[in-house]
There are 2 protein chains.
Amino acid sequence: MKAGAENAASKTYSITQLSEEFSVTPRAIRFYEDRGLLHPRREGQTRIYSQRDWVRLLLILRGKRVGFSLAELREILDLYDVGDQQTEQIRRTLVMARNKMVSLERQRQDIDQTMSELTVACTYFEKLLEERGIDPRAPVAASKRKKVSAA
Amino acid sequence: MKAGAENAASKTYSITQLSEEFSVTPRAIRFYEDRGLLHPRREGQTRIYSQRDWVRLLLILRGKRVGFSLAELREILDLYDVGDQQTEQIRRTLVMARNKMVSLERQRQDIDQTMSELTVACTYFEKLLEERGIDPRAPVAASKRKKVSAA
DNA sequence: GGTGACGTTGACGTTAACGTCAACTGGTTA
DNA sequence: TAACCAGTTGACGTTAACGTCAACGTCACC
C-alpha cells in the first residue's frame with residue numbers, strides 16, 4: 001500500500017492521452033482549463049487528469065457540438081461542482097439551461113429540415129453527374145489519375 | 001403594361017424589410033452578399049431583393065443554425081444557381097453534402113443526449129433553489145422591483 | 001434649402017476558440 | 001554527458017462573422 005498504485009482504482013490520464021482519445025489538441029485542453037472548464041491536479045508541473053476530468057471533457061466537446069459556448073459550458077459545469085453557489089447565479093444558469101433547451105428543440109427541427117433538403121440536393125447533384133456520364137459514387141478524383149482499368 | 005407594376009407578381013424587399021423579417025442586421029445581409037451568398041439586383045444604388053433572395057436568406061440562416069459555414073452554404077447555393085458548373089466542383093459539393101449529413105445525424109444524437117442531460121440538470125437546479133425556499137419558476141429578479149401588483 | 005429617413009461604401013474593431021511558435025524544464029535512454 | 005522525449009508557459013497570429021463608426025448620396029416634404 002505504498003509505492004505505485006494509488007489507493008483507489010482511479011485511472012488517470014496525461015494531456016496527450018486525453019487529446020488522442022478525444023481527437024483534440026493539447027493546446028485546446030489547456031485552453032479549456034484557462035477558461036475554467038477543467039481543473040486537473042498537478043504533479044510537479046505536469047497536469048494529471050482524473051475520470052471526472054475525462055467526463056467533463058466529454059461534456060465539453062459534446063456541448064460544443066450542439067452550440068454551447070465555452071462560457072456557457074463553464075456556467076453549467078460550475079454548478080455541478082460545488083453547491084455553495086450564489087442563489088442568483090443558480091437562477092441565471094437555470095434560465096440559461098431552459099432557454100438552451102428551447103433552442104435545441106428548434107435546432108433539431110432545423111436539422112430535420114436540412115437533412116431532407118440535403119437528401120433532395122444530393123439526388124439532384126447525382127443526376128447532374130449522371131447526365132455527364134459520371135458515376136456519382138466514384139471516389140474523389142485525386143488530381144491526375146491513370147484510367148483506372150475500366151473493367 | 002407599362003408603369004408601376006412589373007409584369008409578374010414578384011414581390012420584392014428592401015434590405016431593412018428583410019432584416020426585420022428575419023431578425024438580422026442589414027450589415028449581416030450585405031456581408032452575405034459580399035461572400036457571394038446573395039446577389040440582389042440594384043436599382044440605382046440600392047439593393048432590391050426578390051422572392052428567390054428571400055428563400056436564399058432563409059436557407060442561409062437555417063444553415064447557419066445547424067452549423068454550416070458561409071463558405072459551405074455558398075457552395076451549395078451556387079450549385080442550385082447555374083447548371084454549368086465544373087464536374088469536379090459538383091462532385092466536391094456532393095461529397096461535402098454527404099459528409100454534412102453524417103455529421104448532422106450525429107448532431108441530432110448529441111442534441112438528444114444534451115436535452116436529456118439538461119432536463120436532469122434543470123431538475124437539480126430547481127431542487128437547489130427549493131432547498132433555499134425559492135420558487136424556481138419565479139421570473140428573474142430584475143435588480144429592484146416594485147411588487148408588481150400580485151393578483 | 002434644410003432636415004430626416006433610408007441606403008451606400010469603406011475601413012477598422014471585436015470576440016471566440018484555438019494555432020503556432022520559442023524558450024524552458026525535468027526525466028530517461030544511449 | 002548528450003540527445004531526446006513529453007510537458008509547460010508566455011506571447012503573438014489567425015479565422016469567421018459580423019459590429020461600429022464615418023462620410024456620403026437621394027428622395028420627399030414643408
Side-chain angles (χ1 to χ4, degrees), chain A residues 3-4 12-50 53-54 56-78 96 100 103 107 110, chain B residues 3-4 12-50 53 56-77 96 100 103 107 110:
Chain A
T12 63
Y13 310 81
S14 79
I15 195 168
T16 36
Q17 276 171 22
L18 272 192
S19 81
E20 283 166 8
E21 188 163 350
F22 287 102
S23 303
V24 293
T25 66
R27 174 69 178 95
I29 298 183
R30 289 191 203 102
F31 184 71
Y32 299 153
E33 179 179 350
D34 186 65
R35 292 317 179 85
L37 297 173
L38 292 173
H39 318 284
R41 94 170 191 270
R42 294 295 184 109
E43 197 141 290
Q45 169 155 263
T46 78
R47 295 164 167 86
I48 310 279
Y49 296 88
S50 65
D53 294 320
W54 189 95
R56 286 194 143 225
L57 186 50
L58 180 76
L59 291 177
I60 291 168
L61 296 178
R62 191 165 60 209
K64 271 173 53 73
R65 285 198 301 271
V66 303
F68 279 95
S69 75
L70 295 188
E72 289 173 320
L73 287 170
R74 180 189 172 165
E75 264 198 81
I76 296 181
L77 292 178
D78 271 5
M96 192 198 77
K100 211 60 189 172
S103 92
Q107 229 182 300
D110 285 338
Chain B
T12 63
Y13 310 81
S14 78
I15 196 168
T16 36
Q17 275 172 23
L18 270 192
S19 79
E20 282 167 10
E21 188 162 351
F22 287 103
S23 302
V24 293
T25 67
R27 175 68 178 94
I29 298 183
R30 289 193 202 102
F31 184 72
Y32 299 153
E33 179 179 350
D34 186 66
R35 292 317 180 84
L37 297 174
L38 292 173
H39 319 285
R41 95 170 188 270
R42 295 295 184 109
E43 197 140 292
Q45 168 154 262
T46 77
R47 296 162 167 88
I48 311 278
Y49 297 88
S50 65
D53 294 321
R56 286 195 144 224
L57 186 49
L58 179 76
L59 291 177
I60 292 168
L61 296 177
R62 191 165 61 211
K64 272 175 53 72
R65 285 198 302 269
V66 304
F68 279 95
S69 75
L70 295 187
E72 289 173 320
L73 287 170
R74 180 192 171 161
E75 263 197 83
I76 297 182
L77 292 178
M96 191 198 78
K100 211 59 189 171
S103 92
Q107 231 182 299
D110 285 337

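Side chains are part of it too, since the values below use all heavy atoms of this structure and drop only hydrogens, waters and symmetry mates.
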Could you work out, with side-chain contact (heavy atoms from CB on, under 4.5 Å) as the rule, every residue matching Glu72(A), not counting sequence neighbours? Phe68(A), Ser69(A), Met96(A), Lys100(A)
Can you figure out which of dT8(D), dG7(C), dT9(C) approaches the side chain of Arg42(B) most closely? dT9(C)
Would you tabulate the nitrogen or oxygen pairs shorter than 3.5 Å linking the protein to nucleotides 19-23 of chain C?
| residue | atom | partner | partner atom | Å |
| --- | --- | --- | --- | --- |
| dG19(C) | OP2 | Thr25(A) | OG1 | 2.6 |
| dG19(C) | N7 | Arg27(A) | NE | 3.2 |
| dG19(C) | O6 | Arg27(A) | NH2 | 2.9 |
| dT20(C) | O4 | Arg27(A) | NE | 3.0 |

Partner residues of Thr25(B) under the side chain to side chain donor-acceptor pair (under 3.5 Å) criterion, sequence neighbours left out: none
Could I get a table of every N or O pair under 3.5 Å where one atom is in the protein and the other is in nucleotides 13-17 of chain C?
| residue | atom | partner | partner atom | Å |
| --- | --- | --- | --- | --- |
| dA17(C) | OP1 | Leu70(A) | N | 3.2 |

Residue that, paired with Arg56(B), satisfies side-chain contact (heavy atoms from CB on, under 4.5 Å) out of Leu77(B), Leu73(B), Leu61(B): Leu77(B)
Arg30(B) CZ to dT9(C) C1': how many Å, rounded? 9 Å
Thr46(B): side chain to side chain donor-acceptor pair (under 3.5 Å) partners, not counting sequence neighbours: none
In terms of the nearest nucleotide of DNA chain D, which residue is placed more toward the 5' end: Ile29(B) or Thr16(A)? Thr16(A)
Integer-rounded Å distance: dG10(C) C1' and Asp34(B) CG: 11 Å
Over its full length, what angle do the end axes of the helix from dG1(C)-dC30(D) to dA30(C)-dT1(D) make, each axis taken from five pairs and the result rounded to 10 degrees? 20°
Those residues at least two apart in sequence (or on a different chain) that pass side-chain contact (heavy atoms from CB on, under 4.5 Å) with Arg62(B) are Asp110(A), Gln113(A), Thr114(A), Glu117(A), Leu59(B), Arg65(B)
In whole angstroms, the gap separating P of dT25(C) from CD of Gln45(A) amounts to 9 Å
Going by salt bridge (Lys or Arg N to Asp or Glu O under 4.0 Å), name the residues that satisfy it together with Lys64(A), two or more places apart in sequence or in a different chain. none
Run the side chain to side chain donor-acceptor pair (under 3.5 Å) test against Tyr49(B) and tell me which residues pass, sequence neighbours left out. none
May I ask you to verify if any side-chain N or O of Ser14(A) is less than 4.0 angstrom from the OP1 or OP2 atom of dG7(D)? yes
According to side chain to side chain donor-acceptor pair (under 3.5 Å), who are the partners of Thr16(A), at least two apart in sequence or on a separate chain? Ser14(A)
Output all residues satisfying ring-ring contact (aromatic ring centres under 6.0 Å, His included) with Phe22(A), sequence neighbours left out; order by chain, then residue number. Trp54(A)
Under the side-chain hydrogen bond (donor to acceptor under 3.5 Å, both in side chains) rule, what pairs show up with a residue in residues 28-39 of chain B, not counting sequence neighbours? Glu33(B)-Arg47(B)
